[in-house]
There are 2 protein chains.
Amino acid sequence: MRETAAAPRRATVHDVARAAGVSLATVDRVLNNRTGVRPNTAKKVAEAVASLGFQRDISASLLARARDLRVRFLIPAGSNEFMDSLADAATRRIETALIERLQIGVTRLPLLDAAALVENLNLLTTDFCDCAVIVGTEEPSVLAAVEAATRRGVMIMTLVSDLPASSRRHFIGIDNVAAGRTAASLMGRFCSHGGKIALIAGSMHLHDHHERLEGFRAVAAEFAGLRPLPPLEGHDEHHQTQVLVEQLLASHPDLVGIYNLGAGTAGLTAALRQTGRAGSVRVIAHELSASSRLGLTDGTIDVVLDQDPDGEIRAALAAVRTLALGSGAVENVKPIEIRIFLRDNLG
Amino acid sequence: MRETAAAPRRATVHDVARAAGVSLATVDRVLNNRTGVRPNTAKKVAEAVASLGFQRDISASLLARARDLRVRFLIPAGSNEFMDSLADAATRRIETALIERLQIGVTRLPLLDAAALVENLNLLTTDFCDCAVIVGTEEPSVLAAVEAATRRGVMIMTLVSDLPASSRRHFIGIDNVAAGRTAASLMGRFCSHGGKIALIAGSMHLHDHHERLEGFRAVAAEFAGLRPLPPLEGHDEHHQTQVLVEQLLASHPDLVGIYNLGAGTAGLTAALRQTGRAGSVRVIAHELSASSRLGLTDGTIDVVLDQDPDGEIRAALAAVRTLALGSGAVENVKPIEIRIFLRDNLG
DNA sequence: GCAATTTTGAGGTACGTACATCATGACAGC
DNA sequence: GCTGTCATGATGTACGTACCTCAAAATTGC
């Protein structure tokens, strides 16, 4: 019944050197891909590594490097609560990360300002930054700045919104199509007799919002009687969203559901409360924040879909470490999950 | 806009020694609570640690110990799919954990057999095990065995089901009351016109099932028209559950929802499919498994609440490391979250 | 105030990897 | 066969903590 692990000593670089019939220095050259090793010799070492199942001792590796990994987060500012909580999550990790030799810096940039992002990317050099994690828009100037930074030796990772065509080493974010599908699947079950559903995006030019909308529409079509209205744009801003929802509620007295796939949730709940419609319209929103939490608690919002900024920062930091130490790509990383909150599992 | 982290060198034991005006050896004695230090001297060291903000370098610490942390999971066997996935998750981590100097062993025990658990606990000694992670029942013999193991120097942690009154150092698991509440909250929104809801537990003597039931009932009462039937017991077994559900469906043609708060989900879906009622009854079940996944995909199950065995194992291992290295308790640990799955966010 | 005991200091080695230096080997072109 | 380049070996130090030994100092008991 018990499997007694025999606790075999793990292979070290010395073992690899002996097995490959080369010196320690050569093993070191191969492992850290330095120059000056014949392909044939490198192959012998690689084989020894494989046959011994050698794995670099991370503790010793970090210790020997004796230098911290410097990560800089470039995160949009503005009135967007979600970006704030991303930045907060990163800032909160500064101390903890230091224990693991990760130096974190956080820079807030003007919202949706490609020029500012490009400028900051161009400032990055290897003597104070090993990796930048950016929330970027898919524009040519940004792509060019990413390429330039990569060429200068600064690793780039994308967060929340990807730049798949760039030299970014990794992307951290959720599956936004699945998020939209999930919202529709819940809404369809909530409104089993069908009815009008309003859709509110920040901007139709935001990639993630677009994907959510696409997912929602696809699944909503499977529920008979569910009639999504054309999407409105609240520009991720509280006041605009509030005005929009007030008009919406006035012109559609028979509205049964609202899916807010962008920010501006505080405006949405304010409008619902003010018109006395809170509780009689099913509401699904995105991102856990002070206002969405309140909405859940008082029954104005039914469900919040959240992409867990803490988890995303943690995943980003883990990826940075893996990429900086190992040579290859980030393997075996679970994608960020969509978290679903009701009033009852807020914790 | 940019906050340039000044990158101060982190304090080392040498710095602490200098600041406290004592030798390195004394600092070492204090940090690793060895004997032979006057209280007064220890206080000076502690003050130096605090004022410098000294934190042990984990990499160096692990390296210097040059010995792996040996963790043993004691997990029930039987036909319980969830326990299987817990054990699988632990087994899958064996290799990965080795890189971080964690040796994992997994022992499967007879289901709900306190005597077997006690026997295995009593076998544990510090020369092959530093910490045991157990899924235990709250019985006096188990509690006594936990105390004995702790006294022998083997640290005990509880998983899924806690033993709060014992000397266990930590508990990893979800809030089962919140899980039940969430299920009711969803069910109430799904069945907005009310109706009969069936409740199926494994056994009313299982602590977690009892908590889920309690949570469900409390919230269900808030939804007018929702009428939960008295709970049935399927003993976490597929066949028994199937028979139970077949009888249930026959005697309640007007049933609108089923909450299966235990295992045996494969039997539940089989009964629904066989009677042609799949899709017309809202179904909420627990734990993602092959059969619950299939149920979600084909529309037999609406929602699955999951406690993420992978995440629990990861959290357990993190806690073991923290407890073994640091002296104090596990701080700052996020509780395991309840994951909510629909067909559309299965990934 | 002396012996016995406890507390502290000084110094070392070890962990496994990273990285630097210098010497030596091989092999090329001419 | 000579010089120059490239590949490899030999060897050492460093990272920060753990843990060991031995000697010196401080404190205690009487």
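Source: prediction; values computed, not measured. The chains referred to below are lettered A, B, ... by the order of the sequence lines, with proteins before strands, and numbering in each begins at 1.
From A:Ile156, atom CD1 reaches atom NE2 of A:His170 across 14.5 Å, with rounding to the nearest 0.5 Å. With values rounded to the nearest 0.5 angstrom, B:Leu69 atom CG is found 10.0 Å from B:Leu323 atom CG.
One interatomic measurement links the two molecules: CD of B:Gln55 to C1' of D:dT17, which rounds to 15 Å at whole-angstrom precision. Rounded to an integer number of Å, the gap from A:Asn33 CG to C:dC19 C1' is 14 Å. Following rounding to the nearest Å, B:Asp15 (CG) and D:dC15 (P) show an atom-to-atom distance of 12 Å. Between the CG atom of B:Leu62 and the C1' atom of C:dA14 there is a distance of 15 Å, given to the nearest Å. Protein atom CG of A:Leu69 is 13 Å distant from nucleotide atom P of C:dA18, rounded to whole Å. Put simply, CG on B:Leu63 is 8 Å from C1' on C:dT17, counting in whole angstrom units. Nucleotide D:dG16 holds its C1' atom 14 Å from the CZ atom of B:Arg18, rounded to whole Å. In this structure, B:Leu31 atom CG and D:dT17 atom P are separated by 8 Å, rounded to whole Å.
Side-chain nitrogen and oxygen atoms of A:Arg56 include at least one within less than 4.0 Å of the OP1 or OP2 phosphate oxygen of C:dA18. Taking side-chain N and O atoms only, A:Thr12 has no distance below 4.0 Å to OP1 or OP2 of C:dG16. Proximity of A:Arg65 to the phosphate of C:dA18: a side-chain N or O atom is located under 4.0 Å from OP1 or OP2.
In this structure A:Ser51 satisfies the side-chain hydrogen bond (donor to acceptor under 3.5 Å, both in side chains) test with no other residue, sequence neighbours excluded. In this structure, the salt bridge (charged side-chain N to carboxylate O under 4.0 Å, His left out) partners of A:Asp308, at least two apart in sequence or on a different chain, are A:Arg339, B:Lys334. Under the rule for a salt bridge (charged side-chain N to carboxylate O under 4.0 Å, His left out), the partners of B:Arg92 that lie at least two apart in sequence or sit in another chain are B:Asp310. Applying the salt bridge (charged side-chain N to carboxylate O under 4.0 Å, His left out) criterion to A:Arg34, with sequence neighbours excluded, gives A:Asp28.
Between C:dT17, D:dC19, D:dT17, one nucleotide has an atom nearer to the side chain of B:Asp28 than all others, and that is D:dC19. Comparing C:dT17, C:dA18, D:dA18 by their nearest atom to the side chain of B:Asn32 picks out D:dA18.
Applying the side chain to side chain donor-acceptor pair (under 3.5 Å) definition to pairs two or more places apart or across chains, those involving residues 144-160 of chain B are B:Glu147-B:Ser167, B:Thr150-B:Ser167, B:Thr158-B:Asp162.
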(request) Do nucleotides 5-10 of chain C as a string where each nucleotide becomes B, S or -: B if the base has a protein heavy atom under 4.0 Å, S if just the sugar-phosphate does, - if no protein is that close. (result) --SBBB
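Across all strands, A:Asp57 comes closer than 4.0 Å only to sugar-phosphate atoms, never to a base (heavy-atom distances).
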